[in-house]
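Reading through the structure tokens given below for one structure.
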Amino acid sequence: MHKKVLVIGTTPDYIQWIRLSCPDRALFITDPAIRHKAQEEYPALCEEILTPLSDPNQVFEALIRHLDKWPQTIDSIFCFDCESMELTAFIAGQLNLDYVSRQAIQNCRDKYVSKQIWQHHEIRCPKISPINCVADAITFFKTTSSGCVLKPITGSGSELVFQCTSVAGCRSAFKIIQKGLKKRLWNPLFQRSSSKEILMLAEERIVGTEYSCDFIVENNKIHVIRLAKKITSPFRPFGTILGYILPAILPQVIDKNDFFQILLKSSSTLGIKRGLCMVDFIISENQIVLIELTPRPGGDCLPHLLKASTNLDILKLSLDFAQNYPLDLNNTQGYSPYVGIRLHAGQSGVLRKIDSCHLLEDKRVKNIHLSKNPGHKIKLPPDDYDSWNLGHIIIEPLGNKFPESQAITISKKIEIYIDQDSSEAS
């Protein structure tokens, strides 16, 4: 009988990637609504189970029916998406498979709980406060020296995350988040099983350089897979990542062993004993300040960036990790920097054309990945945080000098044509 990794709730582009790099190795459980909107080809019937992901028992029953029909057995399980990790933990429990516990996942996904745990264990992270009204936000804001950040308790990336540098800013951000959360009541990314009595979270604003790191924690040891520096822009909505530089080098004042100990302590206190994790942090005043940690690898353009720069396939590595296969991580250090630049629409409307011919003339451009086709409707944040993301470019700068500036300059050669949406205009 064929042994497979069960991959739950993953997007069709990842499914296509895994089917090509690891043929016939995974069984996917996908929401029909996600599959229906996909541009990628359908997997074979034996490769994918289409069922709504909202009811764990219904998902498990669909899995059992599939395994009764096809000669397959599940020996491991993995999840790439935050909103499906609790479901994955439930299925893992039903099948007695190794996976991060449901409690640990709740600790990670709940930004209020995770920081309470870290603060209790003296792990540096922003000061926090639960927020249920504008007055709560203003009161907390007045206790900070550099302002605060208002954000949902769950969610990911920059969605509904706002920087507040004034009382008026607190009022505005609170109203936008409150309205946005009402629109997302049934969005799985914003569902929560803890801190239900809290509307949103306020965090102390931390000023510094932002980083993202994938690492493995196992047998009380840490192995860093990749460390990337985030590229931010003051001209984009707060929290929007313009791109990444890989590899990143930590400042000399940050001791490598201390960094590993922070990764170990921060993951173990959340309840992760074995996992492939992603952590976001800021180096501020020569100290590491943790922002978020979750038991999955980083997304965005990072898998493509890692593949281009080191030939390491993080999706395949995730399946190897789930199945306890030997991991080859020898080529993830000491290479010249590559840069991934995300493409964002500058206005709302209908995408007419993306002209990348001038980009292709530049030998530093290694890959162009466009995720939206002509006719795609674009809305800008805070109305929509996905539709304005049009893809990314992978660039190998010449030499090690100013890789960020080189990449940003190159990315400006792409031409994006957007027509005003006539339905909105009227």
Do you see a donor-acceptor pair shorter than 3.5 Å between the side chains of Q16 and Y14?
no
Output for pair (I414 CD1, C357 SG), nearest 0.5 Å, gives 9.5 Å
Cation-pi check, R35 to Y42: give yes when NZ or CZ is under 6.0 Å from the six-membered ring centre and within 45° of the ring axis, no otherwise.
yes
Indicate the atoms forming the closest heavy-atom contact of G271 with S101, along with that distance.
O-OG, 4.4 Å
If you look only at distance, which donor and acceptor atoms sit under 3.5 Å apart when one is on a side chain in residues 160-173 and the other is two or more places apart or in another chain?
| residue | atom | partner | partner atom | Å |
| --- | --- | --- | --- | --- |
| Q163 | OE1 | R205 | NE | 2.4 |
| Q163 | OE1 | R205 | NH2 | 3.4 |
| S166 | OG | G169 | N | 3.0 |

May I ask you to check whether over 12 heavy atoms, not counting those of I254, lie within 6.0 Å of atom CD1?
yes
Is there a side-chain contact (heavy atoms from CB on, under 4.5 Å) between Q323 and D75? Walk through the geometry before answering.
CA-CA 7 Å; Q323 291 186 294; D75 70 348; 3.1 Å; yes
Are E396 and K366 ion-paired here, with the side-chain N under 4.0 Å from a carboxylate O?
yes
Atom of P247, atom of P337 and distance for their closest heavy-atom approach
CD-CA, 3.9 Å
Residue pair K182, K179: steps toward the side-chain contact (heavy atoms from CB on, under 4.5 Å) verdict
CA-CA 5 Å; K182 286 181 180 179; K179 182 180 178 181; 5.8 Å; no
Step through the shown structure and confirm whether more than 12 heavy atoms of other residues, nucleotides or ligands are within 6.0 Å of NZ on K111.
yes
Quick check on E285: does its CD atom have over 12 non-hydrogen neighbours (other residues, nucleotides or ligands) under 6.0 Å away?
no
Can you measure from CD1 (I74) to CG (L97) and round to the nearest 0.5 angstrom?
8.0 Å
Using the side chain to side chain donor-acceptor pair (under 3.5 Å) rule, take T144 and E204 through it: C-alpha gap first, then chi angles, then the decisive distance, then the call.
CA-CA 6 Å; T144 66; E204 166 195 17; over 6 Å; no
Less than 3.5 Å apart, any donor N or O on the side chain of Y211 or D280 sitting next to an acceptor on the other?
no
Taking the side chain as everything from C-beta on, heavy atoms only, tell me whether R109 gets closer than 4.5 Å to E292.
no
So which atom in P152 and which in F190 form the shortest heavy-atom distance, rounded to 0.1 Å?
CG-CE2, 3.7 Å
Counting distance only, does the side-chain N/O of S387 pair as donor-acceptor with the main-chain N or O of K379 below 3.5 Å?
yes
Can you tell me if E86 and S193 form a side-chain donor-acceptor pair at under 3.5 Å?
yes
Looking at side-chain heavy atoms only, is the closest gap between I288 and F259 below 4.5 Å?
yes
Is a side-chain donor-acceptor pair under 3.5 Å present for E218 with H223?
no
For the pair S268 (side chain) and K265 (backbone), establish whether a donor and an acceptor sit closer than 3.5 Å, ignoring hydrogens and angles.
yes
CD (Q252) with more than 12 external heavy atoms under 6.0 Å
no
Using modelled atom types and a 3.5 Å cut-off, is there a donor and acceptor pairing between side-chain atoms of D31 and backbone atoms of A33?
yes
Are the side chain of K372 and the backbone of N389 linked by a donor-acceptor contact shorter than 3.5 Å?
yes
Cation over ring, R296 on F80, under 6.0 Å and within 45°?
no
Are D300 and R342 packed together at the side-chain level, in the sense that at least one heavy-atom pair is separated by less than 4.5 angstrom?
yes
Full working for salt bridge (charged side-chain N to carboxylate O under 4.0 Å, His left out) between E415 and K353
CA-CA 8 Å; E415 296 180 87; K353 183 177 71 170; over 6 Å; no
Beyond-backbone contact of D13 with I15, side-chain heavy atoms, under 4.5 angstrom:
no
Strictly distance-based, threshold 3.5 Å: is any side-chain N or O of E47 a donor or acceptor partner for the main-chain N or O of A44?
yes
Yes or no on side-chain contact (heavy atoms from CB on, under 4.5 Å) for E404 and I245, after CA distance, side-chain angles and deciding distance?
CA-CA 7 Å; E404 181 176 330; I245 301 174; 3.8 Å; yes
Run through T154, I128, I131 and flag the one making a side-chain contact (heavy atoms from CB on, under 4.5 Å) with Y112.
I128
Considering all heavy atoms of both residues, which atom of C301 and which atom of I394 are nearest to each other, and what is their separation?
O-CD1, 4.5 Å
Heavy atoms, side chains only, cut-off 4.5 Å: are I8 and I77 in contact?
yes
Do P52 and P32 have side-chain heavy atoms sitting under 4.5 Å apart?
yes
Judged by atom type as modelled, is there a donor-acceptor pair below 3.5 Å linking the side chain of S84 to the main-chain atoms of L87?
no
How many angstroms lie between atom CD1 of I222 and atom CG of L263, to the nearest 0.5 angstrom?
5.0 Å
Looking only at heavy atoms, what is the nearest atom pair of E40 and P12, with distance?
OE1-CB, 3.3 Å
Side-chain heavy-atom pair I225, I216 within 4.5 angstrom cut-off
yes
Quick one: salt bridge (charged side-chain N to carboxylate O under 4.0 Å, His left out) pairs with a partner in residues 311-325, sequence neighbours left out?
R25-D320, K316-D320
Within the supplied structure, the quantity of interest is the number of heavy atoms (other residues, nucleotides, ligands) at a distance under 6.0 Å from L185 CG; does it exceed 12?
yes
Flag the pair E203 and K127 as a salt bridge only when some basic side-chain nitrogen lies within less than 4.0 angstrom of an acidic carboxylate oxygen.
no
Could you check whether any side-chain N or O of W118 sits under 3.5 Å from a backbone N or O of S266, counting only pairs where one atom can act as donor and the other as acceptor?
yes
Look only at the side chain of D81 and the backbone of E83, and say whether a donor-acceptor pair between them is shorter than 3.5 Å.
no
Keeping R192 on the side-chain end and Q106 on the backbone end, is there a donor-acceptor pair under 3.5 Å?
no
4.5 Å side-chain heavy-atom contact, L390 and I416:
yes
For residues C82 and L189, report the shortest heavy-atom separation together with the two atoms involved.
CB-CD1, 4.3 Å
Rounded distance [0.5 Å steps], OH in Y244 versus CG in L227
12.5 Å
Show the numbers, then the answer: is there a side-chain contact (heavy atoms from CB on, under 4.5 Å) between V7 and T88?
CA-CA 8 Å; V7 180; T88 305; over 6 Å; no
What's the separation between atom CZ in F28 and atom CD in E48, rounded to the nearest 0.5 Å?
8.0 Å
Tell me which pairs pass ring-ring contact (aromatic ring centres under 6.0 Å, His included) where either residue lies in residues 298-328, with sequence neighbours left out.
W17-H304, H304-H369, H304-H392
Distance in Å, C46 SG paired with I49 CD1, rounded so as to fall on 0.5 Å steps
11.0 Å
As a test of understanding, state which of N107, V100, L264 forms a side-chain contact (heavy atoms from CB on, under 4.5 Å) with I272.
V100
